[in-house]
Amino acid sequence: MSSSTRPADTWDLPTRHLGRRTIVFDRLDSTNTYAAARADDPANDGLVVVAREQTAGRGQHGRTWQAPAGSSALLSALLFPPPALRRPALLTAWAAVAVCDAIDALAGLDARIKWPNDVLVEGRKACGILIEQRTVASGQWVVTRDEPSPPATSHWPLATICGIGLNLNQTADHFAVAGLEQAGSLGSLTGSRYSCDQATRLLIQLLDEQYGRLLQGDVRTLESTWKQRFGLLGEPVVVECADGDRHGRLIDLGWEGVQLETSRGLSCLVPETVRHLRPQ
Ligand code: BTN
């Protein structure tokens with residue numbers, strides 16, 4: 001059980017909102033699972049859990065997330081965001097943008113966001129993000145973007161866990177053997193080797209900076225960076241929603257909506273109702 005595993009280290013990072021208390025494990029089942037077990041206590045707001053190896057990492061859609069020791073930055077941040085920041089679209093964008101900035105800073109690579117929150121480099125998935133949220137009423141954890149829902153502020157969840165797995169040192173052979181031909185690591189793309197601890201610290205710092213801006217009410221800076229990192233503006237796209245696909249040209253993207261020009265005119269979709277958005 002993760003709760004009985006002893007931390008190898010703790011980091012007191014000079015951050016403001018998350019990571020001031022960071023617990024580091026050499027080996028853990030899942031950082032998300034560990035953080036979820038601490039989500040009953042709001043005093044754990046900002047707690048970050050780091051693993052140097054995960055034995056039962058969890059991915060989107062109930063999949064597993066494999067990351068051998070020394071291969072990745074693996075972390076989960078436990079947050080109790082104020083009501084204005086509980087919105088799934090905003091939190092997924094926050095995490096994805098911070099990862100893109102970390103990739104840029106670490107490797108000088110231009111990372112792109114694939115809806116809703118995969119991060120690609122040169123078309124390869126270099127990072128997975130699993131955001132789970134829990135409402136007070138249901139007590140159930142819900143994977144934010146597995147179950148798109150229309151925004152209803154009163155129901156937006158209280159506790160949020162943002163889990164990030166950033167591929168750093170896996171080789172192309174490793175991904176081929178694992179049947180993950182579409183995956184990449186910073187190392188497989190640049191030929192360099194990265195320190196997992198350093199990359200993790202940097203990522204926490206970037207998440208913290210961006211979260212600080214959000215807490216101050218600046219959601220526009222994130223919106224514009226998210227839009228830029230998404231990179232499909234003006235292009236023909238397919239938008240997959242729970243009630244079917246829509247085809248059109250992507251006109252704009254923001255918290256207010258995903259604007260599409262379709263054969264029937266302009267339409268605007270609430271971001272939380274969009275499952276996937278991809279080039280046509
Ligand atoms: C995906 O399937 O794309 C999301 C993968 C998320 C993996 C990370 S690794 C750290 C954190 N702990 C987990 O168990 N999962 C997330």
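Note that ligands are numbered from 1 as they come in the structure, with each ligand's atoms numbered from 1 the same way.
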### Message
Which residue and atom name correspond to the protein heavy atom nearest atom 3 (O) of ligand 1, and how close is it?
### Response
K125 NZ, 2.6 Å

### Query
Has the side chain of R213 got a donor or acceptor atom that lies under 3.5 Å from a matching backbone atom of E209?
no

### Task
Could you tell me the residue and atom name of the protein heavy atom closest to atom 2 (O) of ligand 1, and the distance to it rounded to 0.1 Å?
Q60 N, 2.7 Å

### Query
Just heavy atoms, cut-off under 4.0 Å: does I164 contact ligand 1 by side chain, backbone, both, or neither?
backbone

### Summary
L74 heavy atoms within 4.0 Å reach ligand 1 at atoms 9 (S)

### Task
Check whether any side-chain N or O of S185 sits under 3.5 Å from a backbone N or O of Q170 as a donor-acceptor pair, and report yes or no.
yes

### Sub-4.0 Å heavy-atom contact, T33 with ligand 1
no

### Query
Cation-pi between R58 and W65: NZ/CZ under 6.0 Å from ring centre and within 45° of the ring axis?
no

### Query
Mind checking whether R63 has a heavy atom under 4.0 Å from ligand 1?
no

### E181 side chain vs F175 backbone, donor-acceptor pair below 3.5 Å
no

## Note on the structure
Under 4.0 Å from one or more heavy atoms of G57, ligand 1 contributes atoms 14 (O)

### Message
Under a 3.5 Å cutoff, is there a donor and acceptor pairing between the side chains of R21 and N44?
### Response
yes

### Query
Should you measure from each heavy atom of L75, which atoms of ligand 1 turn up under 4.0 Å away?
10 (C), 11 (C)

### Message
Please determine whether a side-chain nitrogen of the Lys or Arg among R275 and D245 lies less than 4.0 Å from a carboxylate oxygen of the Asp or Glu.
### Response
no

### Task
Report the residue from L120, D118, V97, T92 that forms a side chain to side chain contact (heavy atoms under 4.5 Å, CB included) with I113.
V97

### Query
Hey, is H61 one of the residues with a heavy atom under 4.0 angstrom from ligand 1?
no

### Task
Would you kindly specify which portion of S72 sits under 4.0 Å from ligand 1, judged on non-hydrogen atoms: side chain, backbone, both or neither?
neither

### Message
A quick test of your reading: do over 12 heavy atoms of other residues, nucleotides or ligands sit less than 6.0 Å from NZ of K114?
### Response
no

### Task
Give the residue, atom name and distance (to 0.1 Å) of the protein heavy atom nearest atom 15 (N) of ligand 1.
R58 O, 2.7 Å

## Note on the structure
In this structure, atom 9 (S) of ligand 1 is nearest to the protein heavy atom Q54 NE2, 3.5 Å

## Note on the structure
Within 4.0 Å of some non-hydrogen atom of G165, the atoms of ligand 1 are 8 (C), 9 (S)

### Summary
When distances are taken from atom 11 (C) of ligand 1, the protein heavy atom at minimum range is T31 OG1, 3.2 Å

### Presence of salt bridge, R220 and D218, under 4.0 angstrom
no

### Task
Specify whether Y211 and H17 have parallel, tilted or perpendicular ring planes, treating 30° as the upper limit for parallel and 60° as the lower limit for perpendicular.
perpendicular

### Message
Looking only at protein heavy atoms, which one is nearest to atom 5 (C) of ligand 1, and what is the separation?
### Response
W65 CE3, 3.3 Å

